Structure formats: C-alpha cells, structure tokens
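To start, the structure under review is shown below, and the notes come after it.
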There are 2 protein chains.
Amino acid sequence: MSGKRSLVRSGTTVDQMVRAIGDRIVTGFLRPGEKLDEASLAARFDVSRTPVREALGQLSAMGLVERRPNRGAIVAVVTQEHLASMFESMAELEAICARFSAERMTAGERRALEIEHQASARLVQLGAEEDYEYFNTDFHTRLYRGAHSKHIYELTVMTRSRLAPFRRAQFMLSGRLAKSWQEHDVIVTAIMRGDGAAAGNAAKNHVSIVSEASAVFAAGDQPKVASTVPVTAG
Amino acid sequence: MSGKRSLVRSGTTVDQMVRAIGDRIVTGFLRPGEKLDEASLAARFDVSRTPVREALGQLSAMGLVERRPNRGAIVAVVTQEHLASMFESMAELEAICARFSAERMTAGERRALEIEHQASARLVQLGAEEDYEYFNTDFHTRLYRGAHSKHIYELTVMTRSRLAPFRRAQFMLSGRLAKSWQEHDVIVTAIMRGDGAAAGNAAKNHVSIVSEASAVFAAGDQPKVASTVPVTAG
DNA sequence: CCGGAGGCAATTGCATGCACTTTTTGCCTT
DNA sequence: AAGGCAAAAAGTGCATGCAATTGCCTCCGG
C-alpha cells in the first residue's frame, strides 16, 4: 500500500481492523444483515484485502459477523429466539457476576462501586442520558471485574458485545433512567452486605427488564444510531 | 499449491485448518505453550501460509492459541488462576444448563437422557473407560442442548473446548467412573422430576469434583495423550 | 571474562495476482 | 412477454513475493 496507517493505535493492522469493524458493528453504525464487502472495507481503511479478510474471520469467530463461503460476509443477524437466548444468558451471567462480587469484592472495590453509584444519582436527577450510559457501562464492568474470575469476565463481555447492537437507545424510554438507578441500588445494597444470592437475583432481574425494553427495538426496527458510545445493560 | 486437499471435509481451506489445528490442541496433540510455526503448519497440511494465518487468527479469537505480534503463535497457555476460573465458569454454566434442562426438556428429551444414562451403567460395570468417555461427552451435550438456549449452548461448548486439554485422562483415576455415574444419576433424577434448583446444584457439584481431579494434571504436568477422543466433564 | 552494539538469518505481516465460484445481465427461444 | 440459458462481471479464496520486524550470533571494548 502507501503511507502509514492514520490511526496510530496499537497492534497489527489486523487488530486495528478487528477493532474498527467490530466497533462499527457494536455501535450500530453497521447494521445487522449489512453486507461487508472486502474490497470496499479495504479501500475504506486503506489496506489490502488480506488484513480485512483476517479481521472478518476473527469477527466471525467472535460471532459478530457471519460468513458464507464464497458468498461474502454480513453483519451477524440473529433470530428473535437467538436474541432472547442471548439476553437470557446475559441475565444469568450478570447474576453470577453479582453473586461473586458480593462474595469476593475487596473493600476497595466495594467502596468504589458504592461511591460511583451514589454519584450517578445526580445524573438521574439531571436526566443526563448520555452521561448515565457511560456510567452504566462502567458500573456493570465493575461487577464483571468484581467477580474475580477472568473467564466469567470474558464470557460476559463477549455476550455484551453481541447484544450491544440491539440495546441502543434503551434509555430513551421515559423513566428508564430512574428505574435503572433503583435497580442498581438493590444490587449495590446486596453486594455491600455480602448477600450473594440477593445480588444475583437483583442483577438477573435488572437484565430481564432491559431485555424487555430492548425487545421493542428488536421487533422490526434495527438500531439506527451511529454514536461511538459503548453500551451495556441499563 | 498443488493437488486437491486430501481431507474432503466441508468448508473452505481455512475452516479445515481451524478444525485441524483446533482438534490437535483440544485433544492434547499440540501442547500448551508449543510454538505454532506458520511455515511448518503450511507444509504439514500442504497449503500456503495464508489460510494458516487466518486459521491462527480465528483460533486466537477463540482463545485456543495466543498470538504475539511479530513473534509467532503458541498454543494458549493458561495460568493456574485462569484454569481455576475456567473450571469455575464451567460449573456455573453446567448448573445453568441442568437447571434449564429440568425446566424445559421435552418429554422425548427426558426419556432419551434417562435411557442413555441407564444404558451407561453397563459401561461402568465393565470398566470401559474409553466408551464411557464417549457416553459422557454425549450426556453433557444432551444437557447443554436440553437448556434450549442457543447462546448458553455456545458459551458452554466453547468453555468445554478450552478446558479439554486439561481434562485428559481424568477417568484414569480409580473409582472415578462409578462416582461419575452416581453424580450423573443425581442430575438425571432431579431433571426427571423437574427440579431445576436441585439439578443445577448437582451439576455444579459434579464439575467441581472433576475440577479437583483435573487439578492434579494441571499442577506441573501438561497433558500427554494424543488420542482423538473428544473430552467432556466427567 | 562479561556486557553491549551491529549485522545476519529466520519469521512474520501485508500486498498483489490469479483461479474459481457466484451472480447478474442480455439474448434467444417458445 | 416470459422463461431459460449463456457469457460476462463481480467478488471470494488462496498462493506467492517482498518488506519489515525480531532474535541470535558475532565481534569489539571494557
């Protein structure tokens, strides 16, 4: 090719492509079912087809894209059942994370969780949806990490990525913000007193509600937004 | 290259490579930490380096191999903690599968599970370790499928693959066969009466015991066997 | 004898090219 | 006018080649 990659980001070209394409899928910029033309992507990112192919292969292994031999790749399109199955899995995984967090978080982790959670109450009052979404991602990531189990963390984050395209705009639903915070509150309280079972149930319940909220979008509509905001269970 | 691929198996060359290399890792033929030289693999399978590279990328995305930029790929080597974390996750996942199976299996699925399980008692009496291992894989796969949740199934099978290299030869431990069958029996009984909680607990317990048995091999020894037998929780 | 700089071999990373498969389009037949 | 067939166009799959990076070996200075 020609000059250096514009994005100075780390890793090989393939890694950059995986991130770049993956981000566009996760953020909804590329919509489920959309065709991923190797030549176009190569041109778009100013690389040859080889790294694009490798990236698509890896994304396929991650489940974000679907590859039909000799027929090109598309952004993974999931059936209604599979979507439900993923939300269900997410609920179970979050429950595990919350339960483990309640049992295993260090004092520091608990404190940090509590502080952030309390701070976020302000965002709810202000109705700062975008900011709350950032916080929300953070909150859940804390739970995943707090489980102190690398593999559970990987499974959970992976599932979250695959659900992300179907989660956009969930905070648009009126009142969702306050409800989300209250649900978080139940989880945090349970974790603070080390009650794993309660934390697990609360987390599972929390995701289930998000799932129902998201079902609205899954039915018919595909996500439309193109922001770069990461996404998590509300 | 030259002639057609010898293995007539389906899919593209890359798919075949993923399966071929993945199998060798999962069955312990390639051992954790072993270097995966692109040129050697290409020669070994009589393809060019391109599909080998793509396959390694996908296997890396699956977590079976580890890739250091510009420094080649090795069979993924996991720390003791990560291994423990994976077994722990496996226990949780199996618990979920068993619980869902108890709640969701059709009458036909329940019957098939029961019949196979009873039939396997004979294998225990005969001490047919290898045959029992086949059955065992089947038994667990039934549980995974019985959960009627595609995503849970995927997560579980994926985790099983990554644990496979560390599970070999667990049935060599004397008495493990009979114990395994008894544990299965508890699970089956709970499923037959639709008791999700009991089935989940029994399954979790079952994996935990396997985990402890496998810890023996993980500590110091790496797996040594090179058979082609698939592997599952005992 | 030990430590470091420089150069060489080996290996990875990516671009390009060609072969093969799929899809589309246009023409011919009915 | 509609259907089907054929040829061309588009796009994927893999091989090869070259540039770049890494690791190692050697040689020099201390």
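Every value quoted in this text rests on a predicted model; they were computed, and no experiment measured them. Chain letters run A, B, ... following the sequence lines, proteins first and then strands; every chain starts at 1. These numbers come from the heavy atoms of this one structure, side chains and all, not from hydrogens, waters or symmetry mates.
Using a 4.0 Å cut-off between a side-chain N of Lys or Arg and a carboxylate O of Asp or Glu, Glu94(A) and Lys204(A) do not qualify as a salt bridge.
Rounded to a whole Å, the CD atom of Glu38(B) is 11 Å from the P atom of dC14(C). To the nearest angstrom, P of dG11(D) lies 16 Å from CD1 of Ile74(A). Atom CG in Asp37(A) sits about 12 Å away from atom P in dA10(D), given to the nearest Å. As a whole-Å value, the separation of Met17(A) CE from dA15(C) C1' is 14 Å. One can place CG of Leu41(A) at 17 Å from C1' of dA15(C), the figure rounded to the nearest angstrom. Rounding to whole angstrom units, CG of residue Asn70(B) and P of dT22(D) are separated by 5 Å. Counting to the nearest Å, the P atom of dG11(D) and the CZ atom of Arg67(A) are 15 Å from each other.
Legend: residues meeting side chain to side chain contact (heavy atoms under 4.5 Å, CB included) with Asp131(B), ordered by chain and number and at least two apart, are Leu123(B), Ala128(B). Residues satisfying the side chain to side chain contact (heavy atoms under 4.5 Å, CB included) criterion with Glu109(A), sequence neighbours excluded, are Met105(A), Thr106(A), His148(A). Ala43(B) is linked by a side chain to side chain contact (heavy atoms under 4.5 Å, CB included) to nothing, counting only residues two or more places apart in sequence or in another chain. In this structure, the side chain to side chain contact (heavy atoms under 4.5 Å, CB included) partners of Glu81(A), at least two apart in sequence or on a different chain, are Thr79(A). Among residues two or more places apart in sequence or in another chain, the side-chain hydrogen bond (donor to acceptor under 3.5 Å, both in side chains) test is passed with Arg142(A) by Glu116(A). Looking at residues two or more places apart in sequence or on another chain, you find no side-chain hydrogen bond (donor to acceptor under 3.5 Å, both in side chains) involving Glu66(A). When the side-chain hydrogen bond (donor to acceptor under 3.5 Å, both in side chains) test is applied to Asn70(B), no partner is found at least two apart in sequence or on another chain.
Checking the phosphate oxygens (OP1, OP2) of dA10(D), no side-chain nitrogen or oxygen of Lys35(A) falls inside 4.0 Å. At the phosphate of dC14(C), neither OP1 nor OP2 sits under 4.0 Å from any side-chain N or O atom of Ser48(A).
Listed by residue number, Arg49(A), Thr50(A), Pro51(A) are the residues of residues 49-56 of chain A with a heavy-atom contact under 4.0 Å to DNA chain C.
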Between N or O atoms, less than 3.5 Å apart, protein on one side and nucleotides 23-25 of chain C on the other: list the pairs.
unit_1: dT23(C); atom_1: OP1; unit_2: Arg71(A); atom_2: NE; d: 2.8
unit_1: dT23(C); atom_1: OP1; unit_2: Arg71(A); atom_2: NH2; d: 3.2

Heteroatom pairs (N/O) under 3.5 angstrom, protein to nucleotides 6-8 of chain C:
none

For residues 50-60 of chain A, dump all side-chain donor-acceptor pairs below 3.5 Å to protein atoms at least two apart in sequence or in another chain.
unit_1: Arg53(A); atom_1: NE; unit_2: Glu54(B); atom_2: OE2; d: 3.2
unit_1: Arg53(A); atom_1: NH1; unit_2: Glu38(A); atom_2: OE2; d: 2.9
unit_1: Glu54(A); atom_1: OE2; unit_2: Arg53(B); atom_2: NE; d: 3.2

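Side-chain contact between Phe100(B) and Glu88(A): present, with at least one pair of heavy atoms (C-beta onward) separated by less than 4.5 Å.
Residue pairs meeting the salt bridge (charged side-chain N to carboxylate O under 4.0 Å, His left out) criterion with at least one member in residues 145-156 of chain A, sequence neighbours excluded, are Lys150(A)-Glu154(A), Glu154(A)-Arg162(B).
Heavy-atom distances to DNA chain C give each of Pro69(A) and Val14(A) a nearest nucleotide, and the one nearer the 5′ end belongs to Val14(A).
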